[in-house]
Protein chains: 2
Amino acid sequence: MSVSAYELSLQMARTPRLDDRRERLLDAAARLFREHGYERTSVRQLAEAVGILSGSVFHHFSSKEEILLEVMRSTIERMISSLHEASVSADTTEARLFQLIRAELELLHGPTRDGVAVTFFQWHSLGPDKQRHILSMREEYENIWLEALQQALEQGLIDTDPFVTRRLLTGANGWTIYWYQAGGSMSLDDLAGQVCHLLFRERK
Amino acid sequence: MSVSAYELSLQMARTPRLDDRRERLLDAAARLFREHGYERTSVRQLAEAVGILSGSVFHHFSSKEEILLEVMRSTIERMISSLHEASVSADTTEARLFQLIRAELELLHGPTRDGVAVTFFQWHSLGPDKQRHILSMREEYENIWLEALQQALEQGLIDTDPFVTRRLLTGANGWTIYWYQAGGSMSLDDLAGQVCHLLFRERK
DNA sequence: TTGCTAACCAAGCAAGCGCTTGGTAGACTG
DNA sequence: CAGTCTACCAAGCGCTTGCTTGGTTAGCAA
């Protein structure tokens, strides 16, 4: 952040900045895909959002589908690290599940919301191969959930099948993007609390 | 099924059958929209599914969007009557909620699954006006839920906000179309039981 | 027999799509 | 200073899309 960092940023500003445009394209794609859906977003719209022409998009990505794949790939990475962080931050199983729920809701409604919403609800826009690919990437994410739920089952905190419970939870949490307003009277902690309340009996 | 019915079917085969083709188009549309999504289903595919050419589709419907709207409209009607039937069939609030959950899951996985899945997950493919229209149609359906949940709250069966609870339940149930296999080891009653188990403490 | 209508076909239009091509300005490299 | 490379533009290609148009056939009523 000292002089050298400043000079570096100046140099980067003068030199071609592939990563910058690429990143901006991914951000715009996540936003547009979330707002209008993958199919309804044209490459031309995407290009306009970052101030280039449609053909130039294919200098950064080989196809439109690859953009969607890359949005999901980078999103899943962030999802995994967020969830992992939440998982290790708690010392009891009960607290761990609360943190996991909170983390997932924050992923869905915080700054990462565009990419996460796209990853949750638009995987069917990918071809079969790439669909399998991101599905296998999500496994690591789901495993964190399943481990915590298995633990909760063994400790008698829940008495439902971890797999089924996780699936129901996925739907409940994911669907919040269609009704929960982050700025409203209900805080994200409130929401997480309500979800938690459905999982186990007691939760303060 | 006697001679007269046979003659009737012969006559129907000879006479123009607008309603028949219309109905078949709606069925095919529900199936194709569910399988590939609205945007990825072309009018030509739709026409081919019922054995006519693409232009002929517009003799029955004024636009592709109207087909989607009509699929949703007729589906919501069936959803409301199914839910109403389930609601009045139970005499206790607890049983009523179980029946509601069972009914919604049956809508999602029974013969109506195509239209219901489309109604649940593809309303964003409609223009803003028609989106509001089917949203207002769904209100009656949601009100049945909210009344039952309000009743359960007053009787102490649940202790969460009915509105929030319903939204979480909507997601949990709706998401089952992505993982629950109707023919598998888990029956629909089992699934309904699991969902119910998350709602209140005890449920045999 | 004539007239009317529902239900369709055959052909194709205008617009938009994802993507390709050939070229160029500007910064860096040897 | 020549050569190279990145990042882009300008133009447009081939294809698909939703939808239209004009005409045809079969059934029915008067």
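Chain identifiers are assigned alphabetically (A, B, ...) following the order of the sequence lines, protein sequences preceding nucleic acid strands; residue numbering begins at 1 within each chain. None of the values given here were measured: they were computed from a predicted structure.
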TODO: Mark yes when over 12 heavy atoms from residues, nucleotides or ligands other than A/Glu65 sit less than 6.0 Å from its CD; otherwise mark no.
DONE: yes

TODO: Determine whether the aromatic ring centres of A/Trp175 and B/Phe121 lie less than 6.0 Å apart.
DONE: yes

- [ ] Would you mind reading off the distance between A/Glu39 atom CD and D/dT17 atom C1', rounded to a whole angstrom?
- [x] 14 Å

- [ ] May I ask you to say what B/Thr41 touches in the nucleic acid, namely base, sugar-phosphate or nothing, with a heavy-atom cut-off under 4.0 Å?
- [x] sugar-phosphate

Open item on the list: Whole angstroms only, please: what is the CD-C1' distance between A/Glu65 and C/dC19?
Closed with: 14 Å

Task: Length of the CD-P vector between B/Glu48 and D/dT16, whole Å - done: 14 Å

Open item on the list: Just the rounded figure in Å: distance from C1' of D/dC9 to CZ of A/Arg21.
Closed with: 12 Å

TODO: Considering only NZ, NE, NH1 and NH2 on the basic side and carboxylate oxygens on the acidic side, decide whether A/Arg24 and A/Asp27 come within less than 4.0 Å.
DONE: no

Open item on the list: I'd like to know whether CD of B/Gln45 has more than 12 heavy-atom contacts from other residues, nucleotides or ligands below 6.0 angstrom.
Closed with: yes

- [ ] Identify which nucleotide among C/dC19, C/dC17, D/dC19 has an atom closest to any side-chain atom of A/Lys64, counting heavy atoms from C-beta outward.
- [x] C/dC19

- [ ] Tell me which nucleotide among D/dG18, C/dG18, D/dC8 gets nearest to the side chain of A/Val43.
- [x] C/dG18

- [ ] Indicate yes or no: does B/Glu48 engage B/Arg44 in a salt bridge with an N to O separation below 4.0 Å.
- [x] no

Open item on the list: Tell me if the side-chain of B/Arg44 makes a donor-acceptor pair with the base of D/dG18, cut-off 3.5 Å, by modelled atom types.
Closed with: yes

Open item on the list: Closest-nucleotide mapping onto DNA chain C: is A/Gly55 or A/Gln45 further toward the 5' terminus? I mean the 5' end.
Closed with: A/Gln45

- [ ] Ignoring the backbone of B/Ser56, work out which of D/dA10, C/dC19, C/dC9 is nearest its side chain.
- [x] C/dC9

Task: Minimum-distance nucleotide to A/Phe58 side chain [options: C/dC9, D/dC19, C/dG18] - done: C/dG18

- [ ] Among the candidates C/dC9, D/dT6, D/dC19, find the nucleotide nearest to the side-chain atoms of A/His59.
- [x] D/dT6

Task: Nearest-neighbour nucleotide for the A/His60 side chain, D/dC9, C/dA10, D/dC8 considered - done: D/dC8

Open item on the list: Once you apply a heavy-atom cut-off of 4.0 Å, does B/Ser42 come out as touching a base, just sugar-phosphate, or nothing?
Closed with: sugar-phosphate

Open item on the list: The side chain of A/Ser63 is closest to which nucleotide in this list: C/dA7, D/dC19, C/dC19?
Closed with: C/dC19

